[in-house]
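Values in this document were obtained by computation on a predicted structure and should not be read as measured data. Reminder, nothing fancy here: chain letters follow the sequence lines and each chain counts from 1.
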2 protein chains.
Amino acid sequence: MQDALVRKLESYEVLSEQERRALSALTPHVRQVPARTDLIREGDPPELVHLILEGFACRYKILPDGQRQIMAFFVPGDFCDLNVFILDAMDHSIGTISACRVADIPRNAIDHITENHPRITRAFWWCTLVDEAVLREWLVNLGGRQADQRIAHLICELLTRLEAVGYASDNSFAFPFKQIDLADCMGLSDVHVNRTLRDLRKRGLIALKQRILTIHDSARLKEYCNFTPNYLHLKNARWSDRRTSPWLARSQGG
Amino acid sequence: MQDALVRKLESYEVLSEQERRALSALTPHVRQVPARTDLIREGDPPELVHLILEGFACRYKILPDGQRQIMAFFVPGDFCDLNVFILDAMDHSIGTISACRVADIPRNAIDHITENHPRITRAFWWCTLVDEAVLREWLVNLGGRQADQRIAHLICELLTRLEAVGYASDNSFAFPFKQIDLADCMGLSDVHVNRTLRDLRKRGLIALKQRILTIHDSARLKEYCNFTPNYLHLKNARWSDRRTSPWLARSQGG
DNA sequence: CGGCCCATTGAGCCTCCTCAAGCTTAGTGG
DNA sequence: CCACTAAGCTTGAGGAGGCTCAATGGGCCG
């Protein structure tokens, strides 16, 4: 079952039981992928759409000098490249951060949805537009904030996105990222990420134990980095009434 | 006539005469917009798609502290927000850099294309995916390169994109940007942009006179910043055989 | 001619980087 | 159960790239 996707789409559109079944039918091909494994590489022809059912993944590019730039994080319920099969070759790679359950969705399954389920299609569109908005916000983050606020902003975003799919509770969520992962996405060195995290801890804004990140006062953290969630375009913030979330048992190693 | 759009789409798909007419019919509402004017602002409901027929525009956001972050530049032939009308409110603003000719396209005109012209629809998709790829590359630029290579990369990208729509010739193109525009998009201060441009000039890589930018040796500049155009996904690089381009007469002031 | 906007240059400082070492944790094999 | 290893986290020291503040210069327009 791909609960996270349904949850995410339902924060945009109300779905019927029939539509939920159509979404289930989308993912017969599910596989377990180890941590630190590529799903698709730069230069490959895009053939399948990847849907993250569980775990964390990222979109990245390796520069000629060997430097890695991470351009997006994927959490449960995220499509990696919903519409990319129009292009001839990937211009970036996608790889797992933690161990993941991934659904491989063939192009014609997406086409089938597009032709028969306008409301799901609309919700897919929404996903694409939100992915773009997140990317833009990352650019703002890199261009306009310095290290401490930058990392705080990433944490606020992850909290909000994970709450929307039921993978955060009590301001805590699984955090399988290595410091160098954060460095490679925030345009910082790993050493500086380390010091910045230490400062955020000392200020009492976050705690990080056994790969579980806890935000002590999310209002204060959000204010600290001027986080406003408007760019995530969540219509129905309905997951505030969730019960204990399933993530605690699933903090897969990195 | 919206020559630039047709040129751009034809670098992705071959279009019939009928399809070109359909594209012309898309833009009955054309207006002249002065430089430094907003087309749409953050918070506004998106109603119209804006197509830049001539001039330069940008996508930007103002942070709470007053800082502006530019997230994209638009050149002739670019749609500002092809599919954004699904969302309720803009999460960023769009404004002109130079004076522009802009076409306002109502949503139903786009829908009409989608329903009747699959090849144009596909080319529109392509545009959207390329816009995203450009955004990703900007993130790479901010995260992974320092000031000189960063600005050089922007210049290489603009050259390539403008060549594709016939607005560059002999490695020269109109450059109406103020230094603070470059600063606000590259995450640098205006002072440092100034020094960096000076260095690029001193190295003989570029020249900048009367708002016309000339690249002396584009191969050397591209190598200097590791520019590879793959992310622009230009299939048919057909504009190498163009004649003198129309931009020289049109270097509108900023 | 004066005023404004933008480009340019200098000086001092701060954020963040690099290099390098020590430490912690988890995994492996005897 | 412990020795050993490897990966990742932590901390220090010194340096470089880029920022801020401030003053000057140049071009355009009223």
Side-chain angles (χ1 to χ4, degrees), chain A residues 34-37 56 63 65-70 97-99 141-154 175-203 206-213 225 251-254, chain B residues 34-37 63 65-69 97-99 141-154 175-203 206-213 225 251-254:
Chain A
R36 312 283 153 186
T37 307
F56 291 76
L63 302 191
D65 62 357
Q67 168 162 12
R68 177 181 63 156
Q69 177 67 42
I70 293 178
I97 296 282
S98 66
N141 214 15
L142 279 185
R145 285 187 263 258
Q146 45 198 30
D148 48 356
Q149 296 189 341
R150 209 182 281 182
I151 291 181
H153 194 280
L154 174 68
F175 199 81
F177 308 102
K178 289 188 279 189
Q179 293 184 352
I180 199 152
D181 295 330
L182 301 181
D184 287 348
C185 82
M186 306 309 269
L188 300 166
S189 69
D190 52 349
V191 173
H192 201 63
V193 166
N194 181 290
R195 293 192 226 267
T196 305
L197 286 174
R198 183 186 58 185
D199 293 346
L200 292 175
R201 268 187 265 122
K202 275 189 185 165
R203 287 166 179 273
I206 62 168
L208 196 42
K209 270 180 204 161
Q210 298 181 306
R211 311 268 162 197
I212 304 280
L213 189 138
C225 59
S251 169
Q252 313 98 323
Chain B
R36 313 283 154 184
T37 307
L63 301 191
D65 64 356
Q67 168 161 11
R68 177 180 63 158
Q69 178 65 44
I97 296 283
S98 67
N141 213 15
L142 279 186
R145 285 187 262 259
Q146 45 198 29
D148 49 354
Q149 295 189 342
R150 208 182 282 183
I151 290 181
H153 195 278
L154 174 67
F175 198 80
F177 308 102
K178 287 187 282 189
Q179 293 183 352
I180 199 150
D181 296 329
L182 301 181
D184 288 347
C185 82
M186 306 310 266
L188 299 166
S189 70
D190 52 349
V191 174
H192 200 63
V193 166
N194 182 289
R195 292 191 228 269
T196 306
L197 286 174
R198 182 187 58 188
D199 292 348
L200 291 175
R201 267 186 265 121
K202 273 189 185 163
R203 287 164 179 273
I206 62 169
L208 194 43
K209 269 181 205 159
Q210 298 181 306
R211 309 268 162 197
I212 303 280
L213 189 138
C225 59
S251 169
Q252 312 97 322

Exercise for the section: Examine D/dC9: is either OP1 or OP2 under 4.0 Å from a nitrogen or oxygen in the side chain of A/Arg211? Give yes or no. Expected result: yes

Problem - Rounded distance [0.5 Å steps], SG in A/Cys225 versus CD in A/Gln146 - result: 13.0 Å

Completion exercise
In short, B/Ala147 meets B/Leu188 closest at the heavy-atom pair CB-CD1, 3.8 Å

Exercise for the section: Output all residues satisfying side-chain contact (heavy atoms from CB on, under 4.5 Å) with B/Ser189, sequence neighbours left out; order by chain, then residue number. Expected result: B/Val191, B/His192

Exercise for the section: Find the bend of the helix from C/dC1-D/dG30 to C/dG30-D/dC1 as the angle between its two terminal axes (five pairs each), to the nearest 10°. Expected result: 40°

Practice task
Could you grab the distance from atom CG of A/Leu154 to atom CD of A/Gln149, nearest 0.5 Å is fine?
Solution key: 13.5 Å

Practice task
List the steps and the verdict of salt bridge (charged side-chain N to carboxylate O under 4.0 Å, His left out) for A/Asp181 and A/Arg36.
Solution key: CA-CA 11 Å; A/Asp181 295 330; A/Arg36 312 283 153 186; 2.8 Å; yes

Exercise for the section: Output the single nucleotide from D/dC9, C/dC17, D/dC19 whose closest atom is nearest the side chain of B/Leu188. Expected result: D/dC19

Practice task
Could you check which residues of residues 190-202 of chain A get a heavy atom under 4.0 Å from DNA chain D? Sort them by number, please.
Solution key: A/Val191, A/Asn194, A/Arg195, A/Arg198, A/Arg201

Exercise for the section: Using atom CD of A/Gln146 as one end and atom C1' of D/dC19 as the other, report the distance to the nearest whole Å. Expected result: 10 Å

Problem - Whether A/Arg68 side chain and A/Leu63 backbone form a donor-acceptor pair below 3.5 Å - result: no

Exercise for the section: Would you indicate whether the side-chain heavy atoms of B/Ile97 and B/Phe177 approach each other to under 4.5 Å? Expected result: yes

Practice task
To the nearest Å, give me how far apart CG (A/Leu142) and P (C/dC16) are.
Solution key: 12 Å

Exercise for the section: For B/Lys209 and C/dA7, give me the distance from atom NZ to atom P, rounded to whole Å. Expected result: 17 Å

Practice task
Using a strict cut-off of less than 4.0 Å between a Lys/Arg side-chain nitrogen and an Asp/Glu carboxylate oxygen, indicate whether A/Asp184 and A/Lys178 qualify as a salt bridge.
Solution key: no

Problem - Contact under 4.0 Å: A/Gln179 side-chain N or O vs D/dT10 OP1/OP2 - result: yes

Practice task
Would you mind reading off the distance between A/Leu208 atom CG and C/dT25 atom P, rounded to a whole angstrom?
Solution key: 13 Å

Handout entry: Carboxylate-amine/guanidinium contact B/Asp190 B/Arg195, below 4.0 Å
Key = no

Exercise for the section: Could you tell me the separation between the CG atom of B/Asp181 and the C1' atom of C/dC5, rounded to a whole number of Å? Expected result: 13 Å

Problem - Interatomic distance, B/Ile180 CD1 vs D/dT20 P [rounded to whole Å] - result: 10 Å

Practice task
Find the distance A/Met186:CE to C/dC17:P and express it as a whole number of Å.
Solution key: 12 Å

Handout entry: Rounded distance (Å) that lies between atom P of C/dT25 and atom CD of A/Gln210
Key = 10 Å

